[in-house]
Amino acid sequence: MAGLEPDTPIPTEIKLHQASRAMELSFADGTSFRLSYELLRVYSPSAEVRGHGPGQETLQVGKREVTIVEVEPVGHYAIRPKFSDGHDTGIYSWEYLYDLGLRADELWERYLARLAAAGASRDPDANAPAPAPAHACGHHH
């Protein structure tokens, strides 16, 4: 298991604000961030979202209303949030969360620009069929 960088601040508190759909993180160095669930979801570090290399990211759309149902600790170095859309494969290290916090504005602008370029929306598509539950084997039958 990869250790933490010695200078990576450790969160002292993680709060979920369901009404405003934001995660509040307070770090040991005194820094605190409020990250929207939507930002956390669209920048999930999972392979499903990030792909397996640069340029392979999958643009996440229709995530404006997404919430975090629960957060599971992963060792002493990360959390794995369970999102209301069923996504739960992202492991968010302290370092990644801290970086998201520092770059939140820039990342948000990039996300909005990518959505605009794709002609996509943050709002769930009311006409889209509900996603069928995926089978555990990963194939669509």
Side-chain angles (χ1 to χ4, degrees), residues 1-140:
M1 178 181 112
L4 286 170
E5 294 297 313
D7 56 351
T8 299
I10 308 288
T12 52
E13 190 171 31
I14 299 177
K15 276 191 200 149
L16 298 181
H17 296 280
Q18 298 299 8
S20 53
R21 290 196 293 275
M23 180 186 287
E24 189 178 339
L25 297 139
S26 303
F27 285 88
D29 67 352
T31 314
S32 63
F33 303 112
R34 267 181 91 96
L35 299 173
S36 74
Y37 291 168
E38 185 179 3
L39 181 81
L40 288 163
R41 174 64 183 84
V42 301
Y43 282 104
S44 170
S46 71
E48 175 192 326
V49 173
R50 292 185 78 170
H52 296 282
Q56 292 187 12
E57 301 87 358
T58 304
L59 179 62
Q60 303 296 306
V61 301
K63 300 300 179 191
R64 186 195 298 266
E65 306 292 330
V66 79
T67 61
I68 291 178
V69 185
E70 68 179 283
V71 172
E72 215 173 85
V74 178
H76 293 287
Y77 68 96
I79 53 172
R80 187 170 69 105
K82 233 176 225 170
F83 290 90
S84 56
D85 63 356
H87 180 72
D88 65 355
T89 56
I91 306 284
Y92 295 71
S93 68
W94 303 148
E95 199 170 359
Y96 187 71
L97 287 165
Y98 194 81
D99 188 52
L100 276 181
L102 291 176
R103 299 173 52 221
D105 292 344
E106 166 205 338
L107 291 169
W108 185 253
E109 291 306 317
R110 187 183 305 168
Y111 164 58
L112 294 180
R114 286 179 67 204
L115 280 175
S121 170
R122 293 173 54 209
D123 292 307
D125 182 351
N127 304 320
H135 291 282
C137 67
H139 292 98
H140 297 285

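Judged by distance alone, with hydrogens and angles left aside, the side-chain atoms of Glu57 form a donor-acceptor pair with the main-chain N or O of Gly55 at under 3.5 Å. Here the side chain of Tyr43 pairs no donor or acceptor atom with the backbone of Leu100 at under 3.5 angstrom. Distance alone, capped at 3.5 Å, is enough to place a donor-acceptor pair between the Thr12 side chain and the Ser26 backbone.
Here the side chains of Val49 and His87 are in contact, with some heavy-atom distance below 4.5 Å. Side-chain contact between Glu38 and Gln60 is absent, with no heavy-atom pair separated by less than 4.5 Å. For the pair Trp94/Leu97, a side-chain contact is recorded, criterion being any heavy-atom separation below 4.5 Å from C-beta on. Looking only at side-chain heavy atoms (C-beta outward), Leu39 and Trp108 come within less than 4.5 Å of each other. Residues Arg50 and Pro45 form a side-chain contact, since some pair of their non-hydrogen atoms from C-beta on lies under 4.5 Å apart. Residues Phe33 and Leu102 meet the side-chain proximity criterion, which asks for heavy atoms closer than 4.5 Å. The shortest distance between side-chain heavy atoms of Arg110 and Arg103 falls below 4.5 Å. Using a 4.5 Å heavy-atom threshold, the side chains of Ile68 and Arg41 count as separate.
Arg64 pairs by the side-chain hydrogen bond (donor to acceptor under 3.5 Å, both in side chains) definition with Asp123, not counting sequence neighbours. Residues satisfying the salt bridge (charged side-chain N to carboxylate O under 4.0 Å, His left out) criterion with Glu48, sequence neighbours excluded, are absent altogether. Partners of Glu70 according to the side-chain hydrogen bond (donor to acceptor under 3.5 Å, both in side chains) rule, which considers only residues two or more places apart in sequence or in another chain, do not exist here.
Within the model, atoms CG of Leu40 and NZ of Lys63 stand 13.5 Å from one another, a figure rounded to the nearest 0.5 Å. Taking NZ of Lys15 as the start and CG of Leu25 as the end, the distance is 11.0 Å to the nearest 0.5 Å. Here NE2 of His17 is found 10.0 Å from CE of Met23. Values are rounded to the nearest 0.5 Å. The CZ atom of Arg21 sits 13.5 Å away from atom CG of Leu16, with the distance rounded to the nearest 0.5 Å.
Contact detail for Ala78 and Ile91: the closest heavy-atom pair is CB-CG2, 3.6 Å. Heavy atoms only, all atoms of each residue included: Leu59 and Tyr111 are closest at CD1-CD1, 4.4 Å. Leu115 approaches Ser121 most closely through the heavy-atom pair CD2-O, 4.2 Å.
In the model, Gln18 has a side-chain atom that pairs as donor or acceptor with a side-chain atom of Tyr37 under 3.5 Å.
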Walk me through it: do Tyr92 and Ser44 pass the test side chain to side chain contact (heavy atoms under 4.5 Å, CB included)? CA-CA 8 Å; Tyr92 295 71; Ser44 170; 3.3 Å; yes
